[in-house]
> 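Following this message is one structure expressed as structure tokens.
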Amino acid sequence: MNLMKFKIRYDNKFQELDLSVEDASQWVNVSIGNEMTEAEIHDQIQERIDVLHNMPEYNQWHRENRHIGGNEHIKATVERLTHKRGDSYNLDALYADNSQEEERERKYQDEAIRGWLSESLKPKEAALAIAIISDRMSIQEYAALIDDKENNVSHRWNRLKRKIAKKFIEKRPF
């Protein structure tokens, strides 16, 4: 088994790892040709390790800012590295994708609001409130939907807002 020494950065210091060519090439996903010399193999693997793990700019930034929230730090660091090295980085891989969780939360809140309105109000009042609050329909659109005058719907909506506020105050646990 032929072992080679590879340098990897940990904080500010380099450490040497003794790895076999097979293990190192699998670790950094490098294919090695039969016609390559040991020096070429070592250089190719070390170059890949440098790209993947020995980025001093990112390591310093990560050490200093790993507990700070916000994506501005990540964007700035990636842009600096991209500009300096000329590589392209996948920014989407750096961000947590919680869009599905946010969508589920919105649906849950919408269902809760619709349920409370349906439970607390008469059916026609609940339909008006749900259309305007949850469905974000304008008074004019709702009036056209039910074939009524805008003025009547507007007055009903104003009365309903006061009624909703009163019912909400009555139901508050505090």
> Quick one: does any side-chain atom of Ser118 pair with a main-chain N or O of Gly115 as donor and acceptor, under 3.5 Å?
no
> Are there over 12 heavy-atom neighbours, none belonging to Glu38, within less than 6.0 Å of that residue's CD?
no
> Under a 4.0 Å threshold between the charged nitrogen and the carboxylate oxygen, would Glu103 count as salt-bridged to Arg106?
yes
> Do Asp43 and Arg48 meet the salt-bridge criterion of a basic N to acidic O distance under 4.0 Å?
no
> If you take all heavy atoms of Ala126 and Leu121, which pair is closest and at what distance?
N-CB, 4.0 Å
> Mind jotting down which residue pairs meet the salt bridge (Lys or Arg N to Asp or Glu O under 4.0 Å) criterion with at least one end in residues 141-150? Sequence neighbours excluded, please.
Asp148-Arg156
> Check this for me: Asn29, atom CG, are more than 12 non-hydrogen atoms of other residues, nucleotides or ligands nearer than 6.0 Å?
no
> Run the side chain to side chain contact (heavy atoms under 4.5 Å, CB included) check on Tyr142 and Trp157 step by step: do they pass?
CA-CA 11 Å; Tyr142 187 74; Trp157 173 238; over 6 Å; no
> Take a 6.0 Å sphere around CD of Glu47 and say whether it holds more than 12 heavy atoms from other residues, nucleotides or ligands.
no
> Can you list the steps and then say if Ile41 with Val30 is a side chain to side chain contact (heavy atoms under 4.5 Å, CB included)?
CA-CA 9 Å; Ile41 293 170; Val30 172; over 6 Å; no
> Once you round to the nearest 0.5 Å, how far does NZ of Lys167 lie from CD of Glu125?
8.0 Å
> Could you tell me which non-hydrogen atom of Leu3 sits nearest to which non-hydrogen atom of Ser20, and how far apart they are?
CD2-N, 3.5 Å
> State whether a side-chain donor-acceptor pair under 3.5 Å links Glu105 with Gln109.
yes
> For a side chain to side chain contact (heavy atoms under 4.5 Å, CB included) with Arg159, tell me which candidate from Lys163, Lys161, Arg162 qualifies.
Arg162
> Say you draw a straight line from CD1 of Ile139 to CG of Asn158; how long is it, rounded to the nearest 0.5 Å?
6.5 Å
> Consider only side-chain N and O atoms of Ser154 and Asn151, and report whether a donor and an acceptor are under 3.5 Å apart.
no
> Test: ring-ring contact (aromatic ring centres under 6.0 Å, His included). Region: residues 22-48. Which pairs qualify, not counting sequence neighbours?
Phe6-His42, Trp27-His53
> Test Ile32 against Ile45 for side chain to side chain contact (heavy atoms under 4.5 Å, CB included), laying out the working first.
CA-CA 9 Å; Ile32 298 172; Ile45 293 173; 4.0 Å; yes
> Is any side-chain heavy atom of Ile132 less than 4.5 Å from a side-chain heavy atom of Leu160?
no
> Hey, what do you get for CG (Asp23) to CG (Asp18), rounding to the nearest 0.5 Å?
11.5 Å
> Evaluate Ile146 against Leu128 for side chain to side chain contact (heavy atoms under 4.5 Å, CB included), listing each step before the verdict.
CA-CA 10 Å; Ile146 63 168; Leu128 172 62; over 6 Å; no
> State whether the side chain of Gln46 and the backbone N or O of Lys7 hold a donor-acceptor pair below 3.5 Å, judged by distance alone.
yes
> Any side-chain heavy atom of Met4 within less than 4.5 Å of one from Val21?
yes
> For a 4.5 angstrom cut-off between non-hydrogen side-chain atoms, does Met137 reach Leu145?
yes
> Got a second to check how far Ser31's OG is from Met36's CE, nearest 0.5 Å?
8.0 Å
